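Dumping the structure here so I can ask a few things about it.
We count ligands from 1, going down the list as the structure has it; atoms in each ligand are counted the same way. The shown structure was predicted, so the numbers you read here are calculated from the model rather than taken from an experiment.
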Amino acid sequence: MLYAQTPAAEKRRILRERLAAGEMLRFPGAFNPLSARLIEEKGFEGVYISGAVLSADLGLPDIGLTTLTEVAGRGQQIARTTELPAIIDADTGFGEPMNVARTIQTLEDAGLAGAHIEDQVNPKRCGHLDGKQVVDESTALKRIRAAVDARRDPNFLIMARTDIRAVEGLAAAIDRAKALVDAGADAIFPEAMRDLGEFEAVAAAVDVPVLANMTEFGKSDLFSSAQLRDAGVQIVIWPVSLLRIAMGAAGRALDTLNDEGHLTSRLGEMQHRADLYDLLDYEAYNHFDTNVFTFQITRSEQ
Ligand SMILES: C[C@](O)(C(=O)O)[C@H](CC(=O)O)C(=O)O
Ligand SMILES: [Mg+2]
């Protein structure tokens with residue numbers, strides 16, 4: 001009932017433990033708090049909170065228009081509905097190194113288990129689009145050092161994302177990944193890898209977990225969890241997939257409503273009211289009310 005029981009520090013500790021044990025963890029992107037519950041119910045290991053989804057949710061393109069306040073607010077709403085660790089997309093960290101430091105502390109306070117900071121120049125764009133630019137190594141490292149120094153919980157996972165692959169190639173991505181690890185990154189997110197071999201090369205070059213982004217309609221082929229695990233990847237995100245699926249279904253339903261005037265033919269695709277109530281733990285709220293209404297004061301005789 002209400003929010004998750006697991007304290008943020010515990011979620012972070014568990015995440016660290018599983019990564020240290022060499023497990024591969026799957027993080028589908030939650031497009032709202034309710035979908036985070038579904039991800040948990042279906043047995044995934046974590047929840048991803050995407051900047052692209054957060055922007056799209058507000059009707060905006062993913063070009064760095066959202067603010068730290070909006071991102072942390074949405075992150076908190078999602079993180080508190082699930083017992084799973086939630087990791088969030090912090091884009092370029094919302095400014096200079098000092099801003100990155102504040103970003104990390106704000107995201108810690110919001111109950112997130114970790115965040116990734118990328119090395120794009122501002123204004124950033126989707127890592128799978130052409131024409132993006134990256135900052136020089138010294139600027140990229142300063143962002144990560146600031147993030148690592150600022151966190152108060154040593155288990156908060158600082159993931160360094162590098163977008164350099166699409167600009168300067170794989171060798172540059174490997175060099176940058178190594179430098180980011182030296183600067184203190186707990187994990188590496190090599191963006192826009194072309195194939196499994198590239199993931200394998202990055203994973204072999206660094207001794208921290210590597211994250212694979214399985215976003216659709218991008219530059220990477222879509223690999224299975226098993227393929228990625230075999231390539232040495234430990235964290236996989238499907239950042240926008242559930243939003244794409246939900247929006248696709250919503251569009252088809254609206255077409256049906258236009259064509260047929262009702263949605264009877266779509267009932268089979270809908271989440272049933274009973275399943276929604278299960279996910280919301282509706283029953284527990286009923287009991288809570290019952291206890292309130294049946295509460296009685298027994299007066300002693302004297
Ligand atoms: C992972 C990502 O940063 C996101 O915001 O979810 C995006 C995803 C996307 O736009 O498909 C990205 O830059 O890859
Ligand atoms: Mg993003």
Nearest to atom 13 (O) of ligand 1, what protein heavy atom do you find, and at what distance?
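Nearest neighbour among protein heavy atoms for atom 13 (O) of ligand 1, to 0.1 Å: G127 N, 2.7 Å.
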
E108 side-chain N/O to R152 backbone N/O, donor-acceptor pair under 3.5 Å:
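Such a contact is found between E108 side chain and R152 backbone.
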
Does E198 reach the main-chain N or O of R194 with its side chain, forming a donor-acceptor pair under 3.5 Å?
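Indeed, once roles are kept as given, a pair shorter than 3.5 Å links the two residues.
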
Residue and atom name of the nearest protein heavy atom (relative to atom 3 (O) of ligand 1), distance in Å to one decimal
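Ranking protein heavy atoms by distance from atom 3 (O) of ligand 1, first comes R161 NH1, 2.8 Å.
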
Which residue owns the protein heavy atom closest to atom 11 (O) of ligand 1, what's the atom, and how far is it?
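Checking every protein heavy atom, the shortest distance to atom 11 (O) of ligand 1 gives T215 OG1, 2.5 Å.
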
Please report which non-hydrogen protein atom sits nearest to atom 10 (O) of ligand 1, along with the residue it belongs to and the distance in Å to one decimal place.
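The closest heavy atom on the protein side is C126 SG, 3.1 Å.
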
All side chain to side chain donor-acceptor pair (under 3.5 Å) counterparts of T215, not counting sequence neighbours:
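Per chain and number, T215 pairs via side chain to side chain donor-acceptor pair (under 3.5 Å) with R244.
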
Distance below 2.8 Å from the Mg ion (ligand 2): how many protein N/O/S atoms qualify?
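Near the Mg ion (ligand 2), the number of protein N, O or S atoms below 2.8 Å is 1.
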
Do me a favour and list the nearest non-hydrogen protein atom to atom 6 (O) of ligand 1 with residue, atom name and distance?
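Among all protein heavy atoms, the one nearest atom 6 (O) of ligand 1 is S50 OG, 2.6 Å.
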
Contact between ligand 1 and R244 is defined here as a heavy atom of the residue under 4.0 Å from a ligand atom; is it met?
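Judged by the 4.0 Å heavy-atom criterion, R244 does count as contacting ligand 1.
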
Strictly under 4.0 Å, does any heavy atom of Y48 approach an atom of ligand 1?
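Yes; Y48 lies near enough to ligand 1 that a heavy-atom distance drops under 4.0 Å.
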
Does any donor atom in the side chain of R102 or Q105 lie under 3.5 Å from an acceptor atom in the other side chain?
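No.
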
Taking atom types as modelled, find out whether T92 and N122 have a side-chain donor-acceptor pair closer than 3.5 angstrom.
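A pair is found: one side chain offers a donor N or O, the other an acceptor, under 3.5 Å apart.
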
Which of these passes side chain to side chain donor-acceptor pair (under 3.5 Å) with D163: K124, H128, Q133, Q120?
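Looking at K124, H128, Q133, Q120, the match for D163 under the side chain to side chain donor-acceptor pair (under 3.5 Å) is Q120.
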
What is the ring orientation for Y277 with Y282, classed by angle as parallel under 30°, tilted 30 to 60°, or perpendicular over 60°?
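Answer is tilted, since the angle falls between 30° and 60°.
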
Nearest to atom 14 (O) of ligand 1, what protein heavy atom do you find, and at what distance?
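Heavy-atom neighbour on the protein nearest atom 14 (O) of ligand 1: E191 OE2, 2.6 Å.
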
Checking S241 against E216: is there a side-chain donor and acceptor pair closer than 3.5 Å?
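Side chains of E216 and S241: pair found under 3.5 Å.
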
What part of V53 sits under 4.0 Å from ligand 1 if we count only heavy atoms: the side chain, the backbone, both or neither?
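Neither; nothing of V53 gets under 4.0 Å from ligand 1.
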
